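Each chain gets a letter, A, B and so on, in the order its sequence line appears, and its residues count up from 1. Note that the structure is predicted; figures quoted are calculated from it, not measured. Below, each value reflects all heavy atoms present in this structure, side chains not excepted, and no hydrogens, waters or symmetry copies.
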There are 2 protein chains.
Amino acid sequence: MLISELSKQTGISIHTLRYYENYGLISGVTDDAVKSNNYKQYDEIDVEKVEWIVHAKKAGFTLSEIKKSMNDWFSNKLPTSKKLEIVQNKISEVDSKIHELKQVRKFLVASLKDVENGEC
Amino acid sequence: MLISELSKQTGISIHTLRYYENYGLISGVTDDAVKSNNYKQYDEIDVEKVEWIVHAKKAGFTLSEIKKSMNDWFSNKLPTSKKLEIVQNKISEVDSKIHELKQVRKFLVASLKDVENGEC
DNA sequence: ATATAGTATAGAGCATACTCTATACTTGTT
DNA sequence: AACAAGTATAGAGTATGCTCTATACTATAT
């Protein structure tokens, strides 16, 4: 698929997709058989990658962090043990983010009670 | 206390504190009795505010969002019902952030199983 | 053949959140 | 009195993550 289709399937603007491409997060392939242009082709893996970027960003990871783990993940050059380690580390990071949010939530709930008791 | 003490107590640099001051998140008070300088005085509420900024930022809120809710909170001009509403909305926002993180976690755990089963 | 729509590249511009520098004044110590 | 250290203000610079513009080429429909 071309970039406009990738944009449609992911809901991410073409501009932003090109930014991700330059950043090294995705990389379309130009078909050497077609010599008249250098349009880039994207596939289902690119769709998956973009969807993962969207999720990971919402979870508070930077593009730099996303790039690092995604390149590792899709490289097919890492042994199983190393892949397990990467994913486990990511889970730990997500867990501490969840923990931080729960702390904030706790503070908010306490504030709620203060307001209800007229102590604020 | 002066800005250096506020910095010490919160662990936030003086530069950043001044940035927050310009942004309208905190506001030291110059003592009119002292005419030789215009040093700003900060109090325990400012410490609380800065600590709250740190937590809220970790939870993914922008300075703009933090400013809005904090000004409402410390204004003492809002009725209890309005304050309750503000805090409840913030809790909802935190809950959806937690939900998003749990989705990401779920994906990571699924990836972990794929790796363990050699399907990746 | 031509209008239009799509694609690629390069680079400018923008918002957020700092971070640092320059300048000038004030305070405290010796 | 002199000097280091602290404070205030203004503004420049930086990193991240877009977002937009300009330019040029390509593809498709009429």
Against the side chain of Y20(B), the closest entry in dG17(D), dT9(C), dC18(C) is dC18(C)
Whole-Å distance, D31(A) CG to dA8(C) P, equals 13 Å
*Do S13(B) and T16(B) have a side chain donor and acceptor closer than 3.5 Å?*
yes
When rounded to the nearest 0.5 Å, the distance separating CE of M1(A) from CD of Q41(A) is 9.0 Å
Whole-Å distance, Y23(B) OH to dA15(C) P, equals 12 Å
note: K67(B), atom NZ; dT16(C), atom P; distance rounded to Å ~ 11 Å
Margin query: When you measure from the side-chain N and O atoms of K40(A) to the phosphate of dG6(C), is any distance below 4.0 Å, counting only OP1 and OP2?
Written below: no
Quick note, I14(A) side chain, CB onward, closest among dC18(C), dT7(D), dT7(C) is dT7(C)
Its contact letters, B for base, S for sugar-phosphate only and - for none at protein heavy atoms under 4.0 Å, make nucleotides 19-30 of chain D read BBB----BS---
Tell me whether the side-chain N/O atoms of K57(B) come closer than 4.0 Å to OP1 or OP2 in dT16(C). no
### Query
With the threshold set at 4.0 Å, does a side-chain nitrogen-carboxylate oxygen contact exist between K68(B) and E65(B)?
no
query = In terms of side-chain geometry, is the basic nitrogen of K97(B) or E100(B) positioned less than 4.0 Å from the acidic oxygen of its partner?
reply = no
Sorted by position of nearest nucleotide on DNA chain D, 5' first, the leading residue of R18(B) and L63(A) is R18(B)
* Asked: If we ignore angles and hydrogens, is there a donor and acceptor under 3.5 Å between the side chains of Y42(B) and Q9(B)?
  -> no
Separation of dG6(D) atom P from Q41(B) atom CD, nearest Å, is 16 Å
Rounded to whole Å, the NZ-C1' distance (K8(A) to dG6(C)) equals 11 Å
Contacts of F107(B) meeting ring-ring contact (aromatic ring centres under 6.0 Å, His included) (sequence neighbours excluded), chain-then-number -> W52(A)
Atom CG of L2(A) and atom P of dA8(C) are separated, to the nearest Å, by 7 Å
Rounded to whole Å, CG of N22(A) lies from P of dT16(D) at a distance of 15 Å
inquiry  = I'd like to know if R105(B) pairs up with D95(A) as an ion pair, taking the criterion as any Lys NZ or Arg NE/NH1/NH2 lying under 4.0 Å from an Asp or Glu carboxylate oxygen.
reply    = yes
Atom CG of L25(B) and atom P of dA17(C) are separated, to the nearest Å, by 9 Å
